[in-house]
Structure formats: structure tokens, C-alpha cells
Amino acid sequence: MKYIVFSDIHGSEFYANKIKELVEKENPNKVILLGDLYYHGPRNPLSKEYGPMKVAEILNSIKDKIICVRGNCDAEVDEMISEFEFNTNVELEISNKKFFFTHGHKFNIDNLPSENIDVLIYGHFHTGFIKEKDGVICINAGSISLPKNDTPNSFLIIENNQVILKDIEENEINKINF
């Protein structure tokens, strides 16, 4: 199975189109969205080509592949324009490892979930990284549209017992075997 993971689109039609291009190129089995899909949030500037309804149209066009978690900027009304479900968190077994996918505003490297997991994947902070803490691999996908702290626009590929953090040009930033 191949997964591609994106976080924090924040209403950018430009980067939603990049997501669709990457999905077509990479052809993953599943696309995991880590929340903050449409609204830019009060602490963020407007994203490039801000157009939440266009983002919904783009994401709905790949709805059959999407697994989505709700971010802190996602509201019930966002589910009304989305043809896919928003989950609080998602737990998956991948290559006999327990993965926990969440937005990151509640569970993150500083507040690990109480579940017995091997890999925690989240967004929220807009800074991509791969680190280990207390025996858990903690991975932040960064933000596809509004990266912070001089980190690039980024996303993740999960395949062949590896998680690879890539920038928008598909250059490898970091990777880890699990």
C-alpha cells in the first residue's frame, strides 16, 4: 500500500491543484488529509489563490482515495461541502506497525496519545520533521500551503516500510524506516 499525506491546505486552490497533480503522479492507494482544509485561520495570512469552494471541488474529485482528520480550523460546515468524512483521529496498521494520524493541535510530539502506537503523524505546526520520542516515531507533515520557520511546502509518502518527507518539487527532505 502507498499513502500520500498532506496537511494544512488552508483554502489554497493553487496548492490543492498541486495535491491533485501529485496524487495523479504518485498514484497512492490512499490520500490522508490531516486537517485545516478550507479556512485560513485567524493567525495565518490568506493562502495563495485562496478559494475554499474550489479546494472542495478539487478534493471531492479524489474523494474515493481520501481519509481525512479534522483540524482546529475545520468546522461542521466544511463537511457540508465535502464528499468525504472528517474523523477526529485515524488509526491504521501499516506493515505491522500502529500509525496514529491526527491534526496535531491535541496530540503531537509534546503530548503523545495514550494508545500504544509506533508512529504518530500530524500537521498543525506547519513545520515538517521526523523525530523519535519515547520509542514513538513522530512525524510532522508540515504544510502544503503555508509553511513556517523557514521550512518548505511539504508532504509525506508512506511506502515500503518508509516515511519520506518531501518538498513540493518532490525533493527528499528526510526519511525514516519503520
Counting only heavy atoms not in Lys133 (residues, nucleotides, ligands), do more than 12 fall under 6.0 Å from its NZ?
yes

Tyr15 and Ser143: side-chain donor and acceptor closer than 3.5 Å?
no

Using 30° and 60° as the class limits, which term best fits the ring planes of His40 and Tyr50: parallel, tilted or perpendicular?
perpendicular

Distance in Å, Ser47 OG paired with Leu146 CG, rounded so as to fall on 0.5 Å steps
5.5 Å

So, Ser154 and Lys166: side-chain donor and acceptor under 3.5 Å apart, yes or no?
no

Hey, what do you get for CG (Asp118) to NZ (Lys98), rounding to the nearest 0.5 Å?
7.5 Å

Just wondering, are more than 12 heavy atoms of other shown residues or ligands nearer than 6.0 Å to NZ in Lys106?
no

Test ring pair (Phe, Tyr, Trp, His ring centres under 6.0 Å) applied to His105 - qualifying residues, sequence neighbours left out:
His103, His124

Test your reading of the model: is there a side-chain donor-acceptor pair from Asp134 to the backbone of Val136, 3.5 Å cut-off?
no

Is Lys131 close enough and on-axis enough to Phe129, meaning under 6.0 Å and within 45°, for cation-pi?
yes

Just to verify, what does Phe14 make a ring pair (Phe, Tyr, Trp, His ring centres under 6.0 Å) with, not counting sequence neighbours?
none

Which residues satisfy the ring pair (Phe, Tyr, Trp, His ring centres under 6.0 Å) test with Phe125, sequence neighbours excluded?
none

Do you see a donor-acceptor pair shorter than 3.5 Å between the side chains of Asn149 and Thr127?
no

Testing Asn89, Thr88, Asn108, Asn87 one by one against Thr102 for a side-chain hydrogen bond (donor to acceptor under 3.5 Å, both in side chains), which residue passes?
Asn89

